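Everything below concerns the one structure shown next.
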Amino acid sequence: MTNPKYTREEALAFHLEPTPGKFEIQATVPMNTQRDLSLAYSPGVAVPCEEIAANPELAYDYTNKGNLVAVISNGTAVLGLGNLGALGSKPVMEGKAVLFKRFADVNSIDIELDTEDPDEFINAVRLMGPTFGGINLEDIKAPECFIIEQQLKEVMDIPVFHDDQHGTAVICAAGLINALHLSGKKIENVRIVLNGAGAAGIACLELLKFMGAKHDNCLMCDTKGVIYQGRTEGMNQWKSAHAAATSLRTLEEAMRGADVFLGVSVKGAVTPEMVATMADNPVIFAMANPDPEITPEDAHAVRPDAIVATGRSDYPNQVNNVLGFPYLFRGALDVHARAINDEMKIACAEALARLAREDVPDEVAVAYGRKLSFGRDYIIPTPFDPRLIHTIPPAVARAGMATGAARRPIIDMESYELSLKSRMDPTASILRGIHARARRAQARMIFAEGDDVRVLRAAVQYQRSGLGKALVVGRDEDVKARLDAAGMGDAVRELEVVNAAKTDRLNDYKAFLYNRLQRKGFDRHDIHRLAARDRHVFAALMLAHGQGDGLVTGATRKSAPVLNLINHVFDADAEHGAVGVTALLHKGRIVLIADTLVHEWPDEEDLATIAMRGADVARHLGLEPRVAFVSFSTFGYPKSERAEKMQRAPLVLERRGVEFEFEGDMTVDVALNPAAQANYPFQRLSGPANVLVVPARHSASISVKLMQQMAGATVIGPILTGVDASIQICSSNFTANDILNMAILASCKVG
């Protein structure tokens, strides 16, 4: 299985580093003292055990059951790869568990059962029922998937949901609601042709019939043609339920005059000639993956009036299951549902359809690089719409309560919706926005250290991800040898390798550099050595002469000497206002710390400049800056000479008339905690600070590394700002992905 955006080696590295797999489990209670252990385990744990034994419903209160879903497979139908077995399916199931957490804050554990016997599978899942609040079945081949799901629904009192069937059906239904709305047609009147009589296809047709589509108006096709009453070849009980009384026998015949085509089959199953025979304003959902039954281009070439959806993200109207299953389970879990019934699925589909018809937030437009509005190319919401989490689960919960599936109805729906909003991780949308801006910028990015395999991996990924052109400074033979050793030899043809021997601008570079350094003790020999032999200086000279749009360097040397070399070409020092800002991402929060790179011991004027640079970076990241000058003192207490400059710095900002919130001096806990801020009613911050200006570079370094090592914070940076060029300096311990992130920051000129 190949993809032009990554190699097999890169995919394997992603699953291997920094630790094998894609998630881990963390305790939510303290486990530090003997008392903690006594409460968490013996003897304290006996108390909730007794309570649950007396009243099983209390398991939702005293355990994680109410927010825990099992993703279960036997690996008999993994993606488009076929029967890979239970163990072969584990990376997919881990990925599904991560999606549950990312999109709906649902905890999930993957379970791979090593059996192809439906009875064994059913019994194993049934016996695990007390552990979970819901069961998500995945990648199980038909027809066993029908048997397994139906019998588990009958014997279990928690939701059992086969996403390959119903996930596709729900999103398909949402898109069809809006497509018919645009074409002025009603579901009870349209003729529907479905190609692909597997699990997803049958589920799609069943749900649409439940929504009002008439049996006599629906034709199901498989590889042998139309499924008609009386057919015996290739039939089973699930297909037979949808057999039509018709004389039509082929997909081509069925398509004539059809209003809707639904495809969950194979590439090329539909021809332009078939599309041409459909009714006015045809709806075509070509959902085969990775390649649709017919491409939107081919369909529109013969029918410009067609509304087309596919399963792919590079076309409009993606039918993506991630729009459904996380939010279906979120709503079901929150009412302690016994099942996810058809009414709950329809509520999900209708809520998705309504959401697509509403105005799209600007942040979604930024993430996708274009303005989205309801119409033929936007009938289904995008997976990263932040409104999904607080729009879909309440609709599902209401349907669960209305149909009696809920054990514990939600009384205050408004408070419930507010609580759902708090589950969203704002850092995710920030990072998406940066990636989208980088993709639009299409910057020519200079990677200065082409002799390092991490840099080469980052450069290849930068280019293959469609972010722009990667220019690698190095010698051709070295770059090729390292790429070959890394299993990426084919990438040599994609990258542009540059060096002093290959440029016709070297004399211009040397003249420029001599003009800058001739009064700083550098003679022409020094200049030649710097320009022709030092890759950091050469790369900076390329940037200064417009040979690239951004520069990433520093992965192979310590930052201080690299910054000094860059300063030969650009004014990248404290005297000229350069600043390093590091972003810390932790548990859904983002905090910027400055200065982490340039100023060793800044005075109050420097601190004010650092604050302004930090605020600029915050705005680039989509944050409204709230700056705190942090110290070991809060508003003058305890009094100390070393804290005085942190008291004076806000006065400098007042004098400069900046237009962002700032306050200080204050301790970190006051800066980040609104409850602590309430003890100082005169302070000016309207919420927790997101830019922390620290007294010195050493305190910045300690803060960042402590958060990284003790709390597991994600670190991005230091982001170099205040320089008249887009330059980012990496650390020597950066991974290829870290280097890629710095290139992305450089390409969209964050800093």
Side-chain angles (χ1 to χ4, degrees), residues 426-427 430-431 433-434 559 563 572-586 589-631 645-668 670-672 683-704 707 713-724 726-729 741-742 745-746 748-751:
T427 60
I430 288 170
L431 294 176
I434 293 171
S559 58
L563 189 61
D573 56 11
E575 179 184 349
H576 292 92
V579 171
V581 180
T582 295
L584 294 177
L585 282 64
H586 183 58
R589 296 180 65 177
I590 181 166
V591 175
L592 309 181
I593 296 182
D595 174 13
T596 54
L597 183 63
V598 182
H599 293 78
E600 185 68 35
W601 182 251
D603 60 20
E604 58 265 33
E605 294 288 340
D606 296 326
L607 288 167
T609 299
I610 291 169
M612 294 170 69
R613 302 296 190 215
D616 287 342
V617 172
R619 288 194 182 104
H620 272 293
L621 296 178
L623 301 171
E624 190 59 39
R626 289 191 295 271
V627 177
F629 293 90
V630 292
S631 180
K645 68 176 183 177
M646 306 307 289
Q647 299 161 19
R648 294 192 296 266
L651 301 177
V652 177
L653 284 185
E654 287 181 14
R655 190 175 71 244
R656 294 185 185 180
V658 298
E659 295 182 353
F660 55 82
E661 293 183 22
F662 60 91
E663 191 54 276
D665 60 316
M666 58 176 60
T667 54
V668 169
V670 175
L672 297 179
Q683 71 90 30
R684 294 171 287 195
L685 296 182
S686 63
N690 49 30
V691 180
L692 303 182
V693 179
V694 296
R697 201 171 84 200
H698 65 267
S699 53
S701 176
I702 292 168
S703 301
V704 169
M707 281 295 295
T714 298
V715 175
I716 299 177
I719 301 165
L720 182 62
T721 180
V723 180
D724 290 334
S726 193
I727 304 170
Q728 296 303 337
I729 297 178
N741 283 336
M742 298 307 284
L745 290 171
C748 53
K749 295 179 169 55
V750 174

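Nothing here was measured: the structure is a model prediction, and the numbers come from that model.
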CG/Asp603: more than 12 non-hydrogen atoms of other groups inside 6.0 Å: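 It does: Asp603 CG has more than 12 such atoms within range.
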Side chains of [X] and [Y]: closer than 4.5 Å at any heavy-atom pair?
X	Y	value
Val658	Val627	no
Arg613	Val617	no
Asp595	Pro602	no
Glu604	Phe629	no
His620	Thr721	no

[atom1] of [X] to [atom2] of [Y]: how many Å apart, nearest 0.5 Å?
X	Y	atom1	atom2	result
Met707	Leu585	CE	CG	10.0 Å
Leu653	Glu605	CG	CD	9.5 Å
Leu651	Arg656	CG	CZ	12.0 Å
Leu745	Gln728	CG	CD	5.5 Å
Leu563	Ile729	CG	CD1	4.5 Å
Thr609	His576	OG1	NE2	13.0 Å

Examine distances only and state if a side-chain atom of [X] and a backbone atom of [Y] form a donor-acceptor pair shorter than 3.5 Å.
X	Y	value
Glu661	Ser686	yes
Gln647	Asp665	no
Asn690	Arg626	yes

salt_bridge(Arg619, Glu659) N-O dist < 4.0 Å: no
Stepwise side chain to side chain contact (heavy atoms under 4.5 Å, CB included) test for Leu592 and Leu621: CA-CA 10 Å; Leu592 309 181; Leu621 296 178; 3.9 Å; yes
Which atom pair, heavy atoms only, marks the closest approach of [X] to [Y]?
X	Y	answer
Met742	Pro718	CE-O, 3.3 Å
Pro695	Lys645	O-NZ, 2.8 Å
Phe662	Pro650	CE1-O, 3.4 Å

Working for side chain to side chain contact (heavy atoms under 4.5 Å, CB included), residues Met612 and Val652: CA-CA 11 Å; Met612 294 170 69; Val652 177; over 6 Å; no
Pair up each side-chain donor or acceptor in residues 577-584 with any protein partner under 3.5 Å, not counting sequence neighbours, and list the distances.
unit_1	atom_1	unit_2	atom_2	d
Thr582	OG1	Thr596	OG1	2.8

Stepwise salt bridge (Lys or Arg N to Asp or Glu O under 4.0 Å) check, Arg697 with Glu600: CA-CA 5 Å; Arg697 201 171 84 200; Glu600 185 68 35; 3.4 Å; yes
Under the side-chain contact (heavy atoms from CB on, under 4.5 Å) test, residues paired with Ala689 that sit two or more places apart: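 Only Ala628, Ala671, Leu685, Leu692 meet the side-chain contact (heavy atoms from CB on, under 4.5 Å) criterion with Ala689.
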